[in-house]
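Single-structure report; data block below.
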Amino acid sequence: MVVGVLKLALILPENHSLKGKRGVLKSIQARVANQFNVSVAECGDQDLWQSAVLGFGVVGSDARVVEATLQEVVEFVARLNLAQLRDSGIEVFHC
């Protein structure tokens with residue numbers, strides 16, 4: 001079993017409230033969930049208006065497929081143009 005974890009740090013420059021941030025993040029989460037078979041959660045910067053950290057997880061049997069899926073998620077979120085991508089990191093664990 002292979003577990004892949006993606007951490008995305010996002011900047012929301014057009015945002016001016018936590019309510020607005022929540023709307024943007026819910027949209028990103030819903031679109032990613034519809035496109036890919038991954039789990040997603042907000043995992044950092046929860047009290048900041050213009051910054052967010054999202055965590056994505058995927059489980060599979062092939063490390064290359066898991067890593068490729070998470071890289072596609074990064075590219076997909078960047079193409080949405082709902083937030084600016086500040087940083088990303090992918091880790092793959094063999095269990």
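In the hydrophobic clustering of ILVMFWY residues, with side-chain heavy atoms under 4.5 Å counting as a link, L54 and V3 come out apart. Both L82 and F76 are part of a single hydrophobic cluster, where members link through side-chain heavy atoms under 4.5 Å apart.
Between the side chain of D87 and the backbone N or O of A9 there is no donor-acceptor pair closer than 3.5 Å. The backbone N or O of V65 sits less than 3.5 Å from a side-chain atom of T69, completing a donor-acceptor pair.
Partner of E42 under the side-chain contact (heavy atoms from CB on, under 4.5 Å) criterion, chosen from R22, K21, K26: K21.
Between atom CZ of residue F36 and atom CG of residue L6 there is a gap of 10.5 Å, rounded to the nearest 0.5 Å. Here the CG-CG distance, from L25 to L12, works out to 6.0 Å after rounding to the nearest 0.5 Å. Of the inter-residue distances, the one linking Q50 atom CD with E14 atom CD reads 8.5 Å to the nearest 0.5 angstrom. In this structure, F56 CZ and S39 OG are separated by 10.5 Å, a value rounded to the nearest 0.5 Å. The distance from atom CE of M1 to atom OG of S61, rounded to the nearest 0.5 Å, is 11.0 Å.
Annotation: side chain of V77 is not in contact with side chain of L85 (no heavy-atom distance under 4.5 Å). The shortest side-chain heavy-atom distance between L10 and V53 does not fall under the 4.5 Å cut-off.
Crowding of D62 atom CG: a count of heavy atoms from other residues, nucleotides or ligands under 6.0 Å exceeding 12. Within a 6.0 Å sphere centred on CD of Q35, other residues, nucleotides and ligands contribute more than 12 heavy atoms. Residue-environment remark: CD (Q29) exceeds the threshold of 12 foreign heavy atoms within 6.0 Å.
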Apply side-chain contact (heavy atoms from CB on, under 4.5 Å) to the pair I90 and V5, showing each step before the final yes or no.
-> CA-CA 6 Å; I90 295 174; V5 177; over 6 Å; no
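Closest approach of V32 to V73, counting heavy atoms only: CG1-CG1, 4.1 Å.
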